[in-house]
Amino acid sequence: MHSNRAVKQWVEEMVKLTKPDNIVWLDGSEEEREGLTKQALKTGEMIELDQEKYPGGLYHRTAINDVARVEHLTFICTSKKEDAGPTNNWMAPSEAYEKLGKLFDGSMKGRTMYVIPYLMGPAASGFSKVGIELTDSIYVVLNMRIMTRMGKVAMDYLADSSNFVKGLHSKGELDPEKRFICHFPEDNTIWSIGSGYGGNVLLGKKCFSLRLASYMGRQEGWLAEHMLILGIENPKGEVSYIAAAFPSACGKTNLAMLVPPKSLSGYKAWTVGDDIAWMRVGEDGRLWAVNPEAGFFGVVPGTNMKSNPNAMLTTTKNTIFTNVVLTPEKTVWWEGMRVEPPEYATDWMGNPWTPGNGKNGAHPNSRFTAPARQCPSISPAWENPKGVPISAILFGGRRARIAPLVYQSFNWEQGVFVGATMASETTAAATGAVGVVRRDPMAMLPFCGYNMGDYFDHWLKMVKKTPNPPKIFNVNWFRTSEKGEFLWPGYGENLRVLNWILSRCNGEVGAVETPIGYLPEVDDIDISGLEGVSRDMVKTLLNVDRESWKEEVKDLADFLGKFDRLPGKIKEEYDSLIKRFEF
Ligand code: OXD
Ligand code: MN
C-alpha cells in the first residue's frame, strides 16, 4: 500500500509536523468503512440514522461557526502575487507554509492521522488524477469515500509516480481565527486547517478539482470548470450533452437531475455530474467532459419529491446528512422537504426544536453526501474514460430583470465575454451577505486557482485547439414579473429551453438577432401542455430591455476595470456590445 517512495516520504514529513498518535493508511474496503463508522458513532462525531429507513445513513453536525466555505480565509499561494490576481486572496508560499506550519505543529497530538489516497476521475481514464489527503477527521474520511474513488484504486493508479496532489487537513481547534485554506498550485499542495465543513476540507472537491485543476488545465491545455454535465436523450434515442455553470446554490443539482415533464413524452435526462467538469479536446475536435467526482455534496433545504425526486431517491441509503433536523426516530427533516415536520426534534445545532418556533431547523447550507451511482438518472456514460462530448455550454444565474430566459452567443469569443460577465444573487453556500448581486465569471470566482484575466485568456485560446467547439448560451430561470413573481416554472420544464438550445446546436431552428446575442422566436419555445405560462409571458421572458442594459453596461465597465490582465478581446467584446446597442 505505501510502497510509493514519494508518498511515503511526504507522509513522514507531515507526521513529523502534525505529530499524530496513530497513522492509518486507508484502502477503501468495506470492512474499513464499518470500522471507521463504529468509531465515529462511539465518539458522537456521527449519529446512526434509522437503518431501516436509511440503510447506511449517518448524521453529522458541524461546529456552529463552521457551516460554509470561507472565501476570506481561502488563499492562492503563488510565488508572484500577480499570478493569483486581483480576485483571489494571496499569501506568499513561504509565509503561508510558516504561518500554517505553526498551526499544524502538533495539531494531531492525541489524534489519528488518516492517509486517504483518492482518484479524481474514473479508474479506467488516462485523464484522471490522484490526490492524497491527510486528515484527523473521520467525517472527512467517510465523505471522501463517497465523493471520490478512494483507497487501493488510487494507489494502483498512481503506481510509483510522484505526480499527486498533497493535501493536508487538520480540524485544529475549529477556531475561525485559526482557520486557513491555502492552495500552492506551483507545489501541487493544499493545506487546510481549522474547519470541518465539507467545502473547506474535502480537498478533492473545490480545492483540487477546481482551484489546482484549473491551474493545471491552463498549463496542460484543458478546462477544469464549475459545471454540471447533463445528457438529453430525444425520442429518437439520440443523446446530446450540455455543461452548465451557475454560481453556488442556483439549482445546479436540480438541473443535473432534471426530470422531463410528462407533456414532453419520449425524452430522458441523464446525470453525468452536478458540480465539476474537466473538459479536454477529443480526437474528433470536440470538447469532451468528465465528472471527476464519484458523489454529490448537495444543498438539502428545498429538496423534495417535486423539486428533485432523483436527489431524494439518491439519498435514501449510504448517505451522510450534515446540519439538518434530526428526529427522535433518527430520521431527517428540513425546510422545503414537503413532508410533515416532526412534532419536536433537534435542530442543526443540537438544540430542542419544534416547527413554527421561528427558527430554521436545518441550516440553509445543510448538505447531503451521496454516491452518484445511486442516482436513478445516472448516465450510462458517467464513467466513460473519455468523458462525454459537449454540444452546448450554458452560463446563468439569478437575474430578476436583465437576462432573458435564454440567448445564444454569436460565437465562442462573445460566449467567453458572456461567461466572464455573468452575475447572480449571493446565497448561503458561502458565508456572507445573502441576496446581493454579485458578478461571478463562469461561476469560478471563488474557485479559479490563478489570475482570472489569464483564465479568460485561456478560455479564448481553447477554441483555437477545438475545431468543433460547443455553442455557448446564457440561461436565466429566475426572471420575475413587475410584481416580483417568477415567470418561468423552472425544474423539469427547463427541458423546453434545453430543446431550443440543442436545436440551435443542430442547426434545426432559426433565431432573432439582438444586441446581446441570438434569441428564440417566441413560438420556438415549446409551451404545449405547460400550464401557467402564456405566450405573452414567454414574450416578457425573452425581452431585452434597453434601459436595464444601459445600466448593466455601466456596472460591467466597473467590473471589468478590476482585472489587471484583462485580455484585449474581452474589452473588444464590451465595446461591440455597446455599439450593437448604439448607446
Ligand atoms: C458547492 C458550492 O458546494 O459551489 O458546490 O459551494
Ligand atoms: Mn459548487
Side-chain angles (χ1 to χ4, degrees), residues 60 62 66-74 87 120 139-140 143-144 146-148 181 183 192 195-214 223-230 243-257 271-278 289 291-303 308 311 314-315 319-324 362-370 372 375 394-398 419 422-434 438-449:
H60 174 80
T62 64
D66 187 24
V67 292
R69 288 183 289 103
V70 279
E71 286 170 19
H72 63 295
L73 303 173
T74 299
T87 59
M120 300 314 298
Y139 174 75
V140 168
N143 275 273
M144 286 291 282
I146 298 173
M147 295 305 296
T148 71
I181 326 294
H183 305 73
S192 164
S195 173
Y197 169 75
N200 301 324
V201 302
L202 307 179
L203 301 185
K205 195 174 180 59
K206 304 299 190 182
C207 302
F208 178 170
S209 292
L210 288 176
R211 297 195 190 96
L212 289 200
S214 61
L223 294 167
E225 297 300 325
H226 191 201
M227 290 181 179
L228 67 91
I229 311 166
L230 171 68
F246 305 110
S248 305
C250 267
K252 257 191 27 244
T253 302
N254 292 348
L255 184 61
M257 298 182 188
T271 309
V272 179
D274 81 324
D275 196 40
I276 298 175
W278 284 359
N291 168 14
E293 300 189 283
F296 307 125
F297 182 64
V299 175
V300 172
T303 307
N308 195 337
T314 305
T315 54
T319 294
I320 299 170
F321 288 94
T322 302
N323 289 344
V324 297
H363 188 275
N365 192 34
S366 51
R367 297 279 174 150
F368 61 78
T369 319
C375 181
L394 276 56
F395 295 119
R398 292 171 183 267
M422 195 176 124
S424 191
E425 290 170 22
T426 51
T427 69
T431 46
V434 172
R438 138 172 157 158
R439 295 217 176 261
D440 188 353
M442 279 89 166
M444 281 290 280
L445 195 63
F447 305 119
C448 185

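Atom set for the values below is all heavy atoms of this structure, side chains included, hydrogens, waters and symmetry mates excluded. Both ligands and their constituent atoms are indexed starting at 1 by order of listing.
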J.: Under a 4.0 angstrom heavy-atom cut-off, which atoms of ligand 1 come close to Asp275?
T.: 5 (O)
J.: With side-chain contact (heavy atoms from CB on, under 4.5 Å) as the criterion, how do Asn365 and Val299 come out once you've worked through the C-alpha distance, each side chain's angles and the decisive distance to 0.1 Å?
T.: CA-CA 6 Å; Asn365 192 34; Val299 175; 4.0 Å; yes
J.: From the Mn ion (ligand 2), how many protein N/O/S atoms are found at a distance short of 2.8 Å?
T.: 3
J.: Considering the options Thr74, Asn200, Asp275, which one meets the side chain to side chain donor-acceptor pair (under 3.5 Å) requirement together with Lys206?
T.: Asp275
J.: Return yes if a side-chain donor-acceptor contact under 3.5 Å exists between Asp66 and Ser195, otherwise no.
T.: yes
J.: Any idea which part of His226 is under 4.0 Å from ligand 1, heavy-atom wise: side chain, backbone, both or neither?
T.: side chain
J.: side-chain contact (heavy atoms from CB on, under 4.5 Å) with His363: which of Asn323, Val324, Val300?
T.: Asn323
J.: Does any part of the side chain of Phe368, heavy atoms only, come nearer than 4.5 Å to the side chain of Thr314, both counted from C-beta?
T.: no
J.: Is the shortest distance from a heavy atom of Arg367 to ligand 1 less than 4.0 Å?
T.: yes
J.: Hey, are the side chains of Phe321 and Ser366 touching, using non-hydrogen atoms and a 4.5 Å cut-off?
T.: no
J.: Relative to the ring of His226, is the ring of Phe447 parallel (under 30°), tilted (30 to 60°) or perpendicular (over 60°)?
T.: perpendicular
J.: Below 4.0 angstrom from a heavy atom of Lys206, which ligand 1 atoms are there? Numbered from 1 as shown, please.
T.: 1 (C), 2 (C), 3 (O), 4 (O), 5 (O)
J.: Does an N or O from Lys205, backbone or side chain, lie closer than 3.5 Å to an N or O of ligand 1?
T.: no
J.: Verify whether one side chain among Ser424 and Asp440 offers a donor that lies under 3.5 Å from an acceptor in the other.
T.: no
